[in-house]
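Computation of the quantities below employed the complete heavy-atom set of this structure, encompassing side-chain atoms and omitting hydrogens, waters and symmetry-equivalent molecules. Chain letters run A, B, ... following the sequence lines, proteins first and then strands; every chain starts at 1.
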2 protein chains.
Amino acid sequence: MSDSPGPVRTLRGRNRITSDDPADAGMDARSRIQQVALELFIEVGYDKTSLREIAEKLGVTKAALYYHFPTKEDIVNSLIQDRITVVAELLEWARDRPRTAEMRLEFVRRYSEGLHRGNRHDYVMRFFERNQTVVNTLAAGEAMRDQLAKVVDVLADPDEPAAVRLRRSLAIFAVHAGHFILRDREPDDQKRIEAALEVAEDLLGD
Amino acid sequence: MSDSPGPVRTLRGRNRITSDDPADAGMDARSRIQQVALELFIEVGYDKTSLREIAEKLGVTKAALYYHFPTKEDIVNSLIQDRITVVAELLEWARDRPRTAEMRLEFVRRYSEGLHRGNRHDYVMRFFERNQTVVNTLAAGEAMRDQLAKVVDVLADPDEPAAVRLRRSLAIFAVHAGHFILRDREPDDQKRIEAALEVAEDLLGD
DNA sequence: GTCTATAGAGGGATAGAC
DNA sequence: GTCTATCCCTCTATAGAC
């Protein structure tokens, strides 16, 4: 809830998650907070990440954070909001299209594209899966859950057999997980994404 | 670490996770604590579950818990320990067997069996996936991660192409997730397990 | 084996100066 | 926009009686 005061949302094209240090000029305060918080939320966990820790890593004090985000939850919500918007657009695209095999394929490709092109959406999803219990207590988290269910429903009719539904659900999961599961063996980002898509398309077929 | 004082480990055959109330005679104190804690850890999350809450649900006080488990972490560790043992045995079984297609199939079947027959192992795994960031700070959690990697390595040679590796990894995930993903559409436990196995076997083929 | 009471630490959030 | 200082709360864990 609430998108708070603070400066206007800039959200520059940024993919890497390595704002280890002050080399991060080029980002406004709000973005830098989001970035550092997201890293910590993924690695240490949302609950175990204190505002003090975030502030320290940014070289400011806790109180400074409160100027940009009224609560800790608001940091998460701001992160999730972008992602929700993008998926909502994709669902809108799919809305009245007939559920053909080609349509489903195109749907997954667009899904993958939105996940990897946009701003750190892959890391937002990683946060989501690594902090499931936290996310369930958030309104924005509930929204994401609903969307995910709708995405799955695009890929498989709710009254298809259980095995088919599961198989198609895994297509989405392949797109999500591929990026991280393969990280150690396949260093090339693009190659990983393509491999994941290959598996996903395979799962959609009969 | 540490398996603490407390009574001897009994761990009766028990599958349901519904110890809502004192209808849970038949379990010793230690098991009842594990049961209630596991439920809360899954639903509310490990961090947000306080010992007070666990104690309240059991109708005792916090201090009583400390008699059975020296720390909060020890509850988790005791839960995970069984699971680690079972998977270790399965990996031992697989150790020197040739990696044929039949062997992989049998491996996954045994994996599924150990997951659903044993004592609430499916819920332990659900705890694992829903509290990933917490589990990573635990020694026992690290052990589970290692085992999972080894399980995947049984199904796919580390130097096979990325897409193949991902596909096979998903076989294990299907077994894990199927049970929960399909819960709303397919009420029959056994049917869900079979559907998941069907998908898993499919993913192992070429 | 369970209780009451409390120590001791750390967290989120606010007040108000600059 | 950032700071210092502080409030207030909850949590884990321990001490010691019964």
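Between the CZ atom of A/F69 and the C1' atom of D/dT2 there is a distance of 16 Å, given to the nearest Å. As a whole-Å value, the separation of B/E56 CD from C/dT2 C1' is 16 Å. Nucleotide C/dT2 holds its C1' atom 13 Å from the CG atom of B/L58, rounded to whole Å. Going from atom CD1 of B/I33 over to atom C1' of C/dG1 covers 11 Å, rounded to whole Å.
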Study note, to complete from the structure: For nucleotides 4-18 of chain C, 5' to 3', base contacts (B), sugar-phosphate-only contacts (S) and non-contacts (-) with protein non-hydrogen atoms under 4.0 Å give B------SBBBB---

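A ring pair (Phe, Tyr, Trp, His ring centres under 6.0 Å) check over residues 134-155 of chain B, counting only residues at least two apart or in different chains, returns nothing. For residues 156-166 of chain A, the salt bridge (charged side-chain N to carboxylate O under 4.0 Å, His left out) pairs, not counting sequence neighbours, are A/D153-A/R165, A/E160-A/R168. Residue pairs meeting the ring pair (Phe, Tyr, Trp, His ring centres under 6.0 Å) criterion with at least one member in residues 27-57 of chain B, sequence neighbours excluded, are B/F41-B/Y46, B/F41-B/F127.
For C/dT2, the OP1/OP2 oxygens have no side-chain nitrogen or oxygen of B/Y67 closer than 4.0 Å.
Residues satisfying the ring-ring contact (aromatic ring centres under 6.0 Å, His included) criterion with A/F173, sequence neighbours excluded, are B/F173. Residues passing the salt bridge (Lys or Arg N to Asp or Glu O under 4.0 Å) test with B/R104, sequence neighbours excluded: none. Remark: A/E89 engages no residue in a salt bridge (Lys or Arg N to Asp or Glu O under 4.0 Å) (not counting sequence neighbours). Scored by the ring-ring contact (aromatic ring centres under 6.0 Å, His included) test, B/H179 finds B/H116 as partners (sequence neighbours excluded).
End-to-end axis angle for the helix from C/dG1-D/dC18 to C/dC18-D/dG1, using five pairs per end and rounding to 10°, comes out at 0°.
Here B/F128 and B/H121 keep their ring centres 6.0 angstrom or further from each other.
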